[in-house]
Amino acid sequence: MSVRVRLAPSPTGNLHIGTARTAVFNWLFARNRGGQFILRIEDTDLERSRPEFTQNILDGLKWLGLNWDEGPFFQSKRIDLYRDAIQKLLDAGLAYRCYCTPEELDEMRSAQKAKNQAPRYDNRHRHLTADQRAAFEAQGRQPVIRFKIDDDREIRWKDRVRDSVVWKGSDLGGDMVIARAATGTEVGQPLYNLAVVVDDIDMNITHVIRGEDHIANTAKQILLYEALGGTVPEFAHTPLILNPDGRKLSKRDGVTSISEFQKLGYTAEALANYMTLLGWTPPDSTQEIFTLEEAAKQFSFDRVNKAGAKFDWDKLDWLNSQYIHNLPVAELTDRLIPYWQEAGYEFDPEGERPWLEQLTALIGPSLTRLKDAVDMASGFFAPTVTPDEEAERQLEQEGAIAVLEAVRDQLEPDEPLDTDGVKAIVKTVTKETKLKKGLIMRSLRAALTGAVHGPDLVESWVLLHQRGVDLTRLQQILDR
Ligand code: GLU
């Protein structure tokens with residue numbers, strides 16, 4: 001049977017790096033096997049699910065190049081299917097109504113705690129008589145629906161990543177709730193484990209690939225597959241992404257959503273490449289840079305680690321810089337323009353296109369993140385600059401002002417200026433002022449860019465001349 005995998009994000013937040021990495025592994029496996037990648041939005045939690053999070057998830061997956069073949073399907077539109085399955089379990093005696101109140105459950109847990117036992121539901125309403133049920137109903141209690149879990153059961157599966165996994169039924173917390181409370185014979189809101197299994201059966205999912213934090217769910221879900229007569233898929237539990245301290249990456253670690261990485265200036269290619277390396281090693285372990293398509297050709301679960309994968313910003317930055325430096329100038333320009341627009345710089349993206357490309361060519365090699373271009377280019381867009389402290393010290397050097405005056409006299413604001421023209425001016429000024437070239441260049445840089453460091457000065461000057469700001473900047477210093 002052809003491979004069918006799914007990504008099943010809950011739209012209770014923006015696309016998280018952990019979910020995106022799960023998406024990457026699903027995508028790679030599907031593409032490797034010529035299978036189908038299905039997207040299912042698990043929005044049964046109506047209070048926490050939001051359409052804007054769904055949008056963020058869809059946008060993030062598209063941006064990363066993780067195209068899906070079917071979906072998105074929405075669980076909120078499939079509730080009847082889950083209710084039918086629950087009814088089937090009730091009819092078969094595999095599930096039952098439990099009338100315990102929250103207070104009773106709390107009491108149960110406190111008693112267990114006092115005896116140093118793990119908290120669990122003690123299955124006390126498994127065998128209620130019709131009279132007992134009627135009595136609870138008469139009290140107005142609203143039952144949840146629980147699925148029976150045998151304590152003696154041993155659940156085993158061969159995990160594609162973790163190999164043999166064994167889970168004891170007695171470690172699953174007692175009979176599990178599969179639907180929230182509802183009155184009388186109603187079936188309340190179906191819950192995660194049930195809905196996932198119904199969908200995975202209905203969508204003919206062959207492999208469930210997800211984070212290892214779902215292992216206990218897998219044990220429960222296998223029991224549900226059996227009870228509902230579905231074929232149990234294969235499972236692959238991928239390692240968690242850890243922070244530098246070795247703990248699960250969480251919101252406290254700062255940037256965790258894909259849209260935030262995008263805003264910071266990571267390219268989709270670098271981020272997808274990096275996520276692939278978070279847990280997977282290519283057959284040639286020295287290979288670090290590859291596209292998703294290239295990785296898909298070589299992907300297998302044999303080379304997915306069991307151990308957690310530490311998130312390494314330096315590595316991501318390095319990969320990102322490699323991608324940026326390899327982008328053709330026109331393409332890089334296209335990607336920088338939105339960052340410059342966002343920063344509020346004024347320019348005409350079409351009319352000034354050649355200038356923007358020259359600027360990109362100048363600063364591109366120094367970029368690690370696309371957003372670095374905001375700071376690096378600010379002096380090129382602004383009509384004026386205020387020299388920083390170091391630049392001021394440079395401008396106080398003996399001869400600096402004489403340099404600026406001499407250059408001003410050479411400059412023809414309405415004539416084009418290229419790199420040869422700049423070099424000719426510098427040569428003339430060197431001759432005229434008899435000052436050292438180093439001093440001339442440093443003083444010019446300080447006046448033109450407001451800083452003592454930066455990209456190639458000759459190229460920078462050419463760009464500033466095209467924007468018509470070189471002379472004004474010199475004059476501004478001279479007028480002080
Ligand atoms: N909705 C679950 C989550 O976001 C999906 C888990 C699964 O893949 O079954 O964690």
Side-chain angles (χ1 to χ4, degrees), residues 3-30 35-51 53-58 60-61 66 68 70-79 81-82 85 155 157 159-162 165 167 172 176 178 189-225 228 230-241 248-251 256-258 275 279 301 304:
V3 161
R4 290 175 62 82
V5 297
R6 85 308 190 267
L7 181 76
S10 305
T12 52
N14 287 334
L15 178 61
H16 186 271
I17 177 110
T19 310
R21 205 274 315 255
T22 300
V24 168
F25 283 179
N26 274 283
W27 190 95
L28 292 174
F29 185 65
Q36 303 292 300
F37 175 43
I38 291 139
L39 180 60
R40 183 171 79 221
I41 303 293
E42 301 205 326
D43 57 349
T44 48
D45 184 342
L46 298 175
E47 279 134 49
R48 294 173 59 226
S49 298
R50 300 242 187 294
F53 293 140
T54 298
Q55 198 53 50
N56 180 277
I57 291 168
L58 301 183
L61 293 172
L66 298 167
W68 55 91
E70 292 175 28
F73 299 107
F74 291 85
Q75 283 195 328
S76 56
K77 302 220 168 80
R78 300 167 56 84
I79 305 286
L81 221 59
Y82 313 138
I155 303 125
W157 74 92
D159 197 278
R160 284 291 190 112
V161 176
R162 315 187 63 81
V165 183
W167 210 277
L172 291 176
M176 73 162 144
I178 53 174
Q189 188 195 340
L191 292 182
Y192 163 73
N193 278 305
L194 184 278
V196 165
V197 174
V198 170
D199 280 342
D200 286 344
I201 294 173
D202 187 59
M203 296 175 183
N204 293 313
I205 299 302
T206 57
H207 297 75
V208 171
I209 303 163
R210 60 187 173 196
E212 73 173 33
D213 45 339
H214 282 289
I215 285 194
N217 284 330
T218 297
K220 293 177 186 170
Q221 290 173 17
I222 287 175
L223 297 176
L224 280 167
Y225 279 103
L228 291 168
T231 310
V232 181
E234 285 200 49
F235 291 94
H237 287 94
T238 56
L240 297 181
I241 304 177
K248 186 178 166 185
L249 196 73
S250 75
K251 281 229 172 81
T256 49
S257 70
I258 296 303
M275 286 193 288
F301 283 106
V304 173

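Side chains are part of it too, since the values below use all heavy atoms of this structure and drop only hydrogens, waters and symmetry mates. Atoms within each ligand, like the ligands themselves, are counted from 1 in listed order. Values in this document were obtained by computation on a predicted structure and should not be read as measured data.
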pair Asn14-Phe53: side-chain heavy atoms closer than 4.5 Å: yes
Derivation and outcome, side-chain hydrogen bond (donor to acceptor under 3.5 Å, both in side chains), residues Thr218 and Arg210: CA-CA 10 Å; Thr218 297; Arg210 60 187 173 196; 2.8 Å; yes
Decide yes or no on side-chain hydrogen bond (donor to acceptor under 3.5 Å, both in side chains) for Tyr82 and Asp199, but give the supporting numbers first. CA-CA 8 Å; Tyr82 313 138; Asp199 280 342; 2.7 Å; yes
Just say parallel, tilted or perpendicular for the rings of Tyr225 and Phe235, cut-offs at 30° and 60°. perpendicular
Is there at least one pair of N or O atoms, one from Tyr192 and one from ligand 1, spaced under 3.5 Å apart? yes
Tell me which protein heavy atom sits closest to atom 5 (C) of ligand 1, plus the residue, atom name and distance to 0.1 Å. Ala8 O, 3.0 Å
Polar contact flag for Val196 and ligand 1 (N/O pairs, less than 3.5 Å): no
Atom 8 (O) of ligand 1: closest protein heavy atom, distance to 0.1 Å, is Arg6 NH1, 2.7 Å
Nearest to atom 10 (O) of ligand 1, what protein heavy atom do you find, and at what distance? His214 NE2, 3.0 Å
With heavy-atom distances below 4.0 Å as the criterion, list the atoms of ligand 1 near Glu42. 1 (N), 2 (C), 5 (C)
Testing Trp157, Phe301, Phe29 for ring-ring contact (aromatic ring centres under 6.0 Å, His included) with His207, which one passes? Phe29
Should the pair Arg21 and Phe25 be classed as cation-pi, given the thresholds of under 6.0 Å to the six-membered ring centre and 45° from the axis? yes
Contacting atoms of ligand 1, where contact means under 4.0 angstrom from a heavy atom of Arg210: 7 (C), 8 (O), 9 (O)
protein heavy-atom neighbour closest to atom 4 (O) of ligand 1 works out as Ser10 OG, 3.3 Å
